[in-house]
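Accompanying notes for the structure given below.
What you are looking at is a predicted structure, and each value in this text was computed from that prediction instead of being measured.
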Amino acid sequence: MSACISQFDGRSDPALIRSLVELTQAGLPLVDNPWAWIGERLGLDEDAVLALLRQLQTEGAIRRIAAVPNHYRLGYRHNGMTVWDVDDSHLPHLGPLLGSQPFVSHCYRRPRRDGWRYNLFAMVHGRSANEIEDYRAQIRQLLGDACRTDDMLVSSRILKKTGLRVGRR
């Protein structure tokens, strides 16, 4: 293990970045202070770990660090990708509004394609099919007259979601 670096100096060190990915690719450890835990293993202090993560986020290598709960284990067994045909001029306001709803896990704009008119997508999770339909009704109310039509794509199977995985050196 290298000597402890008190501050991250902002230089890209491919070996350090790879070690960071290897340590975190399966998720952050369930410890009181994961940043210090990572730092101990990388030879960095907590502030240096956070500075490195901020730099990687600024450079676009990391989009975000967030908890990814297994919604099925939490009782949310119904979900659907709701799709909306919304007037483009209203998207800057309505997209963030829709994304801020507590029953929406992620929301994004997509370009329209030939034969596919929908431009606003929102993943909705619920405990029952009726709950999902209630959420869709709430979304229709939020979108109002800016929404021309909508639909919902329902998952046919569960896919394992993972981030970047690298092999050990």
Side-chain angles (χ1 to χ4, degrees), residues 1-84 91-111 113 118-129 131-132 135 139 152-169:
M1 171 138 343
S2 62
C4 185
I5 302 169
S6 62
Q7 290 191 339
F8 177 64
D9 62 11
R11 290 179 290 155
S12 292
D13 177 354
L16 178 65
I17 293 168
R18 183 180 180 95
S19 294
L20 173 67
V21 171
E22 287 175 353
L23 280 172
T24 60
Q25 66 187 356
L28 293 176
L30 296 176
V31 297
D32 287 339
N33 187 339
W35 318 122
W37 181 92
I38 293 167
E40 287 174 18
R41 281 140 187 89
L42 295 179
L44 300 172
D45 67 20
E46 179 181 346
D47 290 335
V49 169
L50 292 170
L52 174 58
L53 291 168
R54 276 191 294 276
Q55 176 183 324
L56 292 172
Q57 189 172 24
T58 299
E59 293 172 353
I62 296 173
R63 280 184 273 169
R64 65 184 177 142
I65 297 172
V68 182
N70 182 327
H71 58 277
Y72 290 97
R73 285 192 179 168
L74 296 173
Y76 293 90
R77 301 194 180 278
H78 296 267
N79 62 70
M81 178 59 75
T82 61
V83 294
W84 308 87
L91 282 177
H93 167 70
L94 293 175
L97 179 64
L98 179 51
S100 71
Q101 300 307 303
F103 49 84
V104 173
S105 64
H106 51 283
C107 177
Y108 46 89
R109 178 182 190 172
R110 287 287 184 252
R113 301 283 185 218
Y118 305 107
N119 60 342
L120 184 59
F121 293 56
M123 189 65 170
V124 176
H125 300 277
R127 296 183 187 272
S128 69
E131 188 173 44
I132 295 295
Y135 292 152
I139 293 172
M152 184 168 68
L153 311 173
V154 180
S155 302
S156 59
R157 62 188 172 123
I158 300 170
L159 301 174
K160 182 178 178 186
K161 299 173 195 90
T162 60
L164 174 65
R165 300 287 187 259
V166 296
R168 296 274 177 195
R169 288 181 260 172

Any salt bridge (Lys or Arg N to Asp or Glu O under 4.0 Å) pairs touching [range], not counting sequence neighbours?
range           : answer
residues 94-104 : none
residues 25-34  : none
residues 96-108 : none

Quick check against the 3.5 Å criterion: does [X] have a side-chain atom that pairs as donor or acceptor with the backbone of [Y]?
X      : Y      : result
Gln55  : Ala51  : no
Ser128 : Glu131 : yes
Thr82  : Ala122 : yes

Please find the pair of heavy atoms, one from [X] and one from [Y], that lie closest to each other, and give the distance.
X      : Y      : value
Gly99  : Cys107 : CA-CB, 3.7 Å
Tyr135 : His125 : CE1-O, 3.3 Å
Ile65  : Ile62  : CG1-CG2, 4.3 Å

Practice task
Please examine the side chains of Val154 and Ile132, heavy atoms only from C-beta on, and report whether any two atoms are closer than 4.5 Å.
Solution key: no
Practice task
May I ask you to test the Leu42-Leu16 pair for a side-chain heavy-atom distance under 4.5 Å?
Solution key: yes
Measuring from [X]:[atom1] to [Y]:[atom2], what's the distance to the nearest 0.5 Å?
X      : Y     : atom1 : atom2 : result
Trp35  : Glu40 : CH2   : CD    : 14.5 Å
Arg127 : Asn79 : CZ    : CG    : 13.5 Å
Ile38  : Glu46 : CD1   : CD    : 10.0 Å
Ser105 : Met81 : OG    : CE    : 7.0 Å

With sequence neighbours left out, write down each residue that passes side chain to side chain contact (heavy atoms under 4.5 Å, CB included) with [X], or none if nothing qualifies.
X      : answer
Leu91  : Val86, Asp88, Arg109, Asn119, Leu120
His93  : Leu97
Arg113 : Pro111, Trp116

Handout entry: side-chain hydrogen bond (donor to acceptor under 3.5 Å, both in side chains) involving Gln57 - partner list, sequence neighbours excluded
Key = none
